[in-house]
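Read the structure below first, then the notes.
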Amino acid sequence: MHQVVARHIDGTIIKGSSHDVAPGKPVCHIKNEEGTHRIDFADLKALYFVKDLIGDPERDDSQEPMEDDIRRRGSRLMEIIFMDDERLVVLCNSFPPRGDRFFVLPVDLESNNSRILVNRGAVAAMNPLDA
């Protein structure tokens, strides 16, 4: 089971746990105290895999990668700008990412997010930040 936060394009947020997330599948399910929610990836901005469902809303993740971060090996530094103007700086295994949905890693090692499944349909721009 993974702890996840589903952020919908319309601003709706659903938090809970899921065991059936796969980028190639059109839906997943999130279970929380309210029941089981069917999540259509086409309606999502992104699905955040989190360390803690509460998180720290006051914390701003760093947008600068650490030079000695071993996750940078084989990854590209990339900026994602969503349709709602949210900006993320992330690591991506390939640029441009393939498919309608793709995984990225936050550059901040202390982030509550361990990885993020992005819906390409909610993205306004993707820009490589490394040469």
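Along the sequence shown, residues are numbered consecutively beginning with 1.
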Please check if the number of heavy atoms outside [X] that lie under 6.0 Å from its [atom1] is greater than 12.
X: Asp100; atom1: CG; value: no
X: Lys51; atom1: NZ; value: yes
X: Arg98; atom1: CZ; value: no
X: Ile54; atom1: CD1; value: no

Side-chain touch [X]/[Y], heavy atoms, less than 4.5 angstrom:
X: Ile9; Y: Asp43; value: no
X: Leu88; Y: Val104; value: no
X: Val5; Y: Asn113; value: no
X: Val89; Y: Arg87; value: yes
X: Arg7; Y: Glu86; value: yes
X: Cys92; Y: Met126; value: no

Can you check whether [Y]'s main-chain N or O pairs, donor with acceptor, with [X]'s side chain at less than 3.5 Å?
X: Arg71; Y: Pro106; value: yes
X: Thr36; Y: Lys31; value: no
X: Asn127; Y: Glu79; value: no
X: Arg120; Y: Phe102; value: no

Shortest non-hydrogen separation from [X] to [Y] and the atoms involved:
X: Gln3; Y: Leu53; answer: OE1-CG, 3.4 Å
X: Lys25; Y: Asp20; answer: NZ-O, 3.5 Å
X: Asn119; Y: Ala42; answer: ND2-O, 3.4 Å
X: Ile116; Y: Ala46; answer: CG2-CB, 3.8 Å

Task: Name of the residue among Val118, Thr12, Asp84 meeting side-chain contact (heavy atoms from CB on, under 4.5 Å) with Lys45 - done: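 Result: among Val118, Thr12, Asp84, Asp84 is the only option passing the side-chain contact (heavy atoms from CB on, under 4.5 Å) with Lys45.
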- [ ] Apply the test side chain to side chain contact (heavy atoms under 4.5 Å, CB included) to residues Val107 and Asp69: give CA-CA distance (whole Å), side-chain angles for both, the deciding distance (0.1 Å), then the verdict.
- [x] CA-CA 9 Å; Val107 295; Asp69 184 350; 5.8 Å; no
Open item on the list: Other members of the hydrophobic cluster containing Val4, with the 4.5 Å side-chain heavy-atom rule, please.
Closed with: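 Its cluster mates, by chain and number, are Ile14, Val21, Ile30, Ile39, Phe41, Leu44, Leu47, Phe49, Phe103, Leu117.
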Measuring from [X]:[atom1] to [Y]:[atom2], what's the distance to the nearest 0.5 Å?
X: His2; Y: Ser17; atom1: NE2; atom2: OG; value: 10.5 Å
X: Arg76; Y: Leu91; atom1: CZ; atom2: CG; value: 11.0 Å
X: Leu77; Y: Leu105; atom1: CG; atom2: CG; value: 11.5 Å
X: Lys15; Y: His37; atom1: NZ; atom2: NE2; value: 12.5 Å
X: Ser111; Y: Asp56; atom1: OG; atom2: CG; value: 11.0 Å

Open item on the list: Please enumerate all residues that pass side chain to side chain donor-acceptor pair (under 3.5 Å) together with Arg59, with sequence neighbours excluded.
Closed with: Asp61, Asp108
